[in-house]
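Please read the structure below before turning to the comments.
No hydrogens, no waters, no symmetry mates; every other heavy atom, side chains included, goes into these values.
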Amino acid sequence: MPELPDVEGFRRVVADHATGSEVRSVRVLDPGVVHTSATGFTRALEGRVLGEPIRWGKWLRVPTRSRPEYPQLLAHFGMTGAFVWTSGEDADHRHDRVVFEFRDGSLRYRDMRKLTGLWLATEESDVAELLGELGPDAAGVSRRDLRERLTRTSRRLKPALMDQTAVAGLGNLCVDEILWRSRLAPTRSTADLDSAQWARLHARLRSVLRSSSRVGHVPDRPSWLTGHRDERDARCPRCSTALKRSRIGGRSTVWCPQCQPC
DNA sequence: ATTTCTGTTACTTC
DNA sequence: GGAAGTAACAGAAA
């Protein structure tokens, strides 16, 4: 689930319910997801007031309202993670790994597969080390930046757009949707797009992210390519041609051979 | 029992 | 050196 639009939804969960509130207690139900000792993690955050969360690509940073905003909580959601807010007496979900308790509810880091997790940053260098060479956030990237960063290497569009160090935030569904709307085949090389195609790619990228972020995921409506990913004899919502499906860059990829010619 | 999956990293192969 | 492919992580669903 979690790509940029999903993480944007989790950012809103934190901003709407937890920002400005004191963490009364932290329950680490699965020590495997916090990359410090469970007691160290708990001790660092209990009694702190959370600040405004910031999303960068698929990462979420939650500062604390202390002198220089540290420690900071850094969250990544892998393929199955989420932040879920519950108010009232909800029992723990079986995949709740960490629960932050507030006066009026609980913020739950819920993740089935535990591919990534939560980290604590004590200073800015911790953040830099964790996020590594993350590219500019895809939701705000300029056309010029997009082109420049994707043409640093010559490779197929699909893996190029998925590369978080080139541009941060795009995942498998986003990329297929963007390429379909841009009428560009995922196998096309970043080296041979003309200016009009770069302009269209940038425009579609921005609009797909804007509308997806509003709902907190890539919509699976019938008018979207994503709405047909899981169908057996899926057809293009635009031209009804049978959609193609294969593995590109190790990821399942769906595209329309008619609308997106090689 | 086998295959698949919205992510990332490390390693191998070409 | 760079691009591309694979396995691994862990767990559930088809």
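- Taking atom CH2 of residue A:W119 and atom P of nucleotide B:dG7, one finds them 15 Å apart after rounding to whole Å.
- Partners of A:K158 under the salt bridge (Lys or Arg N to Asp or Glu O under 4.0 Å) rule, at least two apart in sequence or in another chain, are A:D176.
- At a threshold of 4.0 Å, the pair A:R61-A:E124 counts as salt-bridged, since one of the basic side-chain nitrogens sits closer than that to a carboxylate oxygen.
- The backbone N or O of A:S21 sits nowhere less than 3.5 Å from a side-chain atom of A:R65 that would complete a donor-acceptor pair.
- In this structure, CG of A:D111 is placed 13 Å from P of B:dG7, rounded to the nearest angstrom.
- Here A:H76 does not reach the OP1 or OP2 of B:dG7: none of its side-chain N or O atoms lies under 4.0 Å away.
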When Watson-Crick pairs (N1 to N3 and N6-O4 or O6-N4) and G-U wobble pairs (N1-O2 and O6-N3) count only below 3.5 Å on both distances, what is the dot-bracket string of DNA chain B, with | for other-strand pairs?
-> .||||.||||||||
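- Looking at residues 155-168 of chain A, you'll see A:R155, A:R156 sit with a heavy atom under 4.0 Å from some atom of DNA chain C.
- For A:T153 and C:dG2, the shortest distance from a side-chain N or O to OP1 or OP2 is not below 4.0 Å.
- In terms of phosphate contacts, A:K114 brings a side-chain nitrogen or oxygen within less than 4.0 Å of OP1 or OP2 of C:dG11.
- One finds no salt bridge joining A:R97 and A:D111 here, because no Lys/Arg side-chain nitrogen approaches an Asp/Glu carboxylate oxygen to under 4.0 Å.
- Using bins of under 30°, 30° to 60° and over 60° for the plane-to-plane angle, the ring pair A:W59/A:W119 lands in the tilted bin.
- Applying the side chain to side chain donor-acceptor pair (under 3.5 Å) rule to A:T64 yields the partners A:S66; only residues at least two apart in sequence or on another chain are considered.
- In this structure, the side chain to side chain donor-acceptor pair (under 3.5 Å) partners of A:R27, at least two apart in sequence or on a different chain, are A:D92, A:E101.
- The distance between atom CZ of A:R245 and atom P of B:dC5, rounded to the nearest whole Å, is 8 Å.
- When atom types are taken as modelled, the side chain of A:R245 and the backbone of A:R229 share a donor-acceptor pair closer than 3.5 angstrom.
- Only the P atoms considered, C:dG1 is 26 Å distant from B:dT8, to the nearest whole Å.
- Summarising the geometry, the separation between CG on A:L115 and C1' on B:dC5 is reported as 10 Å, rounded to the nearest angstrom.
- Using a 4.0 Å heavy-atom criterion, one finds that A:R152 contacts no nucleic acid atom at all.
- In this structure, A:E3 atom CD and B:dC5 atom P are separated by 14 Å, rounded to whole Å.
- Between A:F100 and A:F41, the ring planes are tilted. Angles from 30° to 60° get that label.
- Nearest nucleotide to the A:R247 side chain, out of B:dG7, C:dG11, B:dC5: B:dC5.
- By the 30° and 60° cut-offs, the orientation of the rings of A:F83 relative to A:F77 is perpendicular.
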Taking N or O atoms only and anything under 3.5 Å, show me the protein contacts with nucleotides 12-14 of chain C, one pair per line.
residue, atom, partner, partner atom, Å
C:dA12, OP1, A:R94, NH2, 2.7
C:dA12, OP1, A:H95, NE2, 3.4

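- Atom NE2 of A:H35 and atom P of C:dC9 are 15 Å apart (whole Å).
- Taking every side-chain heavy atom of A:K58 into account, B:dG7 is the closest of C:dG11, B:dG7, B:dC5.
- Separating the CG atom of A:N172 from the P atom of B:dT8 is a distance of 11 Å, rounded to the nearest angstrom.
- Atom CE of A:M79 and atom P of C:dG11 are 13 Å apart (whole Å).
- A donor-acceptor pair is defined here as one N or O able to donate and one able to accept, closer than 3.5 Å; such a pair exists between the side chain of A:K58 and the backbone of A:L170.
- A:T226 comes within contact range of no nucleotide atom at all, as no heavy-atom separation falls under 4.0 Å.
- When hydrophobic clusters are built by joining Ile, Leu, Val, Met, Phe, Trp and Tyr residues whose side-chain heavy atoms come closer than 4.5 Å, directly or via intermediates, A:V208 is not grouped with A:W255.
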